[in-house]
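Order of the sequence lines sets the chain letters (A, B, ...), proteins ahead of strands, with each chain counted from 1.
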Amino acid sequence: MQGCSTTGRGAKGVRSACPEAERSRAGGRRGEAEKRMSEQEKKETTGGPRPEEKLLADRRAHMDAVKAKGIDPWGGRHDGTASIGPIVAAYEEGREVSVAGRITGRRQFGKANFLDLRDWTGKIQLYVKKDIVGDAAMELFNLLDLGDLIGVKGKLFKTKTGETTVEVMEFRVLTKSLRPLPEKWHGLQNVEIRYRQRYLDLISNPEVMETFRKRSLIVSEWRRWLSERGFIEVETPMMQPIPGGAAAKPFTTHHNALDMQLYMRIAPELYLKRLLVGGMEKVFEINRNFRNEGISPRHNPEFTMCELYWAYSDYNGMMELTEGLLMHLSRLTSTTGRVPFDGREFDFTPPWPRKKYLDLFQEKAGFDWFDHEKVVAKARELKLEVGKRPHEAIANDVWEHLVEADLSGPVFVIDFPVELSPLTKRSAADNRVVERFELYIANMEIANAYTELNDPIEQRERFERQITAKEEGMERIDEDFLVAQEHGMPPAGGIGIGVDRVVMLLTDSKSIRDVILFPLMRNLE
RNA sequence: GAGGGCGUAGCUCAGCUGGUAGAGCAACAGCCUUUUAAGCUGUGGGUCCUGGGUUCGAUCCCCAGCGCCCUCACCA
């Protein structure tokens, strides 16, 4: 789509139009334009790339004309009095201001000109009148295009219709734009271009800028909140010799000098636990993880997770921490604690219900999760894959089909069967389950937490069992991690929270791609 | 990986039952010194995603491919 402007489009159709356009636009700069024209003709006759489209040629002609006036079209430093948003908010008649931004609108009315100037805090109208700026400046003004960046000095006033406006006394070209902007009223709607050329999305859709500002605010406040409670942030390896801490397919890579096979991490868990052994009692990491799995509105191959460990706590501590953190973050976008998402509303006010995994299953299915015969029968009825898969895998599939649709939440699903959770400590009260919860909000899994297994003997047994079960991403046991644990890892609560998904909830974004600036796209060509 | 939808001017979109395409914005030339999706007059702009096929004739029908979106599967 986008590429067609630069790929082999036939030159025939544009041949006559383009040099014609150059000529008519050149004005006082005939020499420049004719030089460019002859270059294009040369390209054509030698069978080179097609000439530029007229729209681009016009803009280049403007750029050339600016240069011809001895002015650098790429500007330089501009000191402003303030950002546009605050200036408009604190209007003061006659105040002298200096602002910079992108021209996003232009209305010519006789010898009066109105421009819309936008920076990332807001929009303000400019009023440019020949009587004020003078003939020379008007000549330069007429070379401006939508999308150009300019700096302006002038006085504030309000027009008849009450719009805050800068009466421009002087202006500077800060950057000429050589390509046209998307449509001013509808913005950029093409989803593919929005993701591939996010800068255009940010320029023409203000709510997109707003979403990513909110993301930044959420993440920085997230860090601050944890830091206030004594947690320290660390960075552990993203390139790991053995990928662990989750069940997912890793990306592979290679280090040349060490001739070493490496994996992009699927989770930081095993390294953060080494830090628990080392005595970091409250530790977290907010960073990227990479999983070589499918892509969906809720899954991007690289995604951001907050993983956190708290020595001497447990999964109950994690639930309280999660409620507190998310309630706090929800206040950044909604004062009430009720979060609007996808046409529904979710009340983040703690405490949130806690429901046992096995109870939820019993309620929905009408029989016991461990009842192999009935589970298999139900799975077949639901047309789920049965094959030779272990009981827990089939039963968990059935659970997801029957229960997940009801988890509008926020709700903690607690106490999972041991078989589903290799890194989790068994419940003292019920030997069949582990102390684990998953947090669901809007039917999305938002967080996953454990009372961490710190018995190195049992840990080894569970790893070995996983390997014989041929689970993906578990081809080798991380011996180094087990050695660390044998030195003594404190009992601890641990949690992983999906940062992108929390941002989705708090910004009412239906797709994870709307909260990731550059989501993964297939290569063109 | 499977199923469904979409791909038309720089952008946003029309285009009937097959007769080689239109509008608005943007661009260009004019008119207008408080407009604001400014207005009015005029002009230019298209590999109808790509490649085959059917047909006298394909943006439209058929086949294959590419890209994006949605649902499902894997996963968080």
Pair assignment for [N], Watson-Crick or G-U wobble, requiring both distances under 3.5 Å:
N: B/A64; value: B/U50
N: B/U33; value: none
N: B/G45; value: none
N: B/U55; value: none

Which part of the nucleic acid, if any, lies within reach of [X] when heavy atoms closer than 4.0 Å are counted: base, sugar-phosphate only, or nothing?
X: A/Gly496; result: nothing
X: A/Arg196; result: sugar-phosphate
X: A/Gln108; result: base
X: A/Gly294; result: base
X: A/Tyr127; result: base
X: A/Asp116; result: nothing
X: A/Arg194; result: nothing
X: A/Gln125; result: base
X: A/Gln189; result: sugar-phosphate
X: A/Leu181; result: nothing
X: A/Ile446; result: nothing
X: A/Met521; result: sugar-phosphate

Between A/Arg298 and B/A76, is there a side-chain N or O to OP1/OP2 distance below 4.0 Å? no
Quick one: is B/C66 close enough that its OP1 or OP2 comes under 4.0 Å of any side-chain N or O from A/Arg522? no
[N] [atom2] sits how many Å from [X] [atom1], rounded?
X: A/Tyr195; N: B/C69; atom1: OH; atom2: C1'; result: 9 Å
X: A/Asn300; N: B/A76; atom1: CG; atom2: P; result: 15 Å
X: A/Ile295; N: B/C72; atom1: CD1; atom2: C1'; result: 16 Å

Within the 3.5 Å criterion, strictly below it, is a donor on [X] or [Y] matched to an acceptor on the partner's side chain?
X: A/Thr159; Y: A/Gln125; value: no
X: A/Tyr357; Y: A/Asn396; value: yes
X: A/Glu183; Y: A/His186; value: yes
X: A/Asn448; Y: A/Arg436; value: yes

Say you pick atom [atom1] in [N] and the same atom in [M]; how far apart are they, in whole Å?
N: B/C66; M: B/U41; atom1: C1'; value: 44 Å
N: B/C13; M: B/C72; atom1: C1'; value: 31 Å
N: B/A9; M: B/A2; atom1: P; value: 30 Å
N: B/G44; M: B/G22; atom1: C1'; value: 15 Å

Distance-only donor-acceptor test, A/Asp131 side-chain atoms vs B/U33 base atoms, 3.5 Å: yes
Inspect the surroundings of NZ in A/Lys214 and state if more than 12 heavy atoms from other residues, nucleotides or ligands are less than 6.0 Å away. yes
So which nucleotide from B/A27, B/U33, B/C74 ends up closest to the side chain of A/Leu55? B/A27
Less than 4.5 Å apart, side chain to side chain, heavy atoms only: is that true for A/Arg513 and A/Met521? yes
When you match A/Ala112 and A/Leu520 each to their closest nucleotide on RNA chain B, which lands nearer the 5' end? A/Ala112
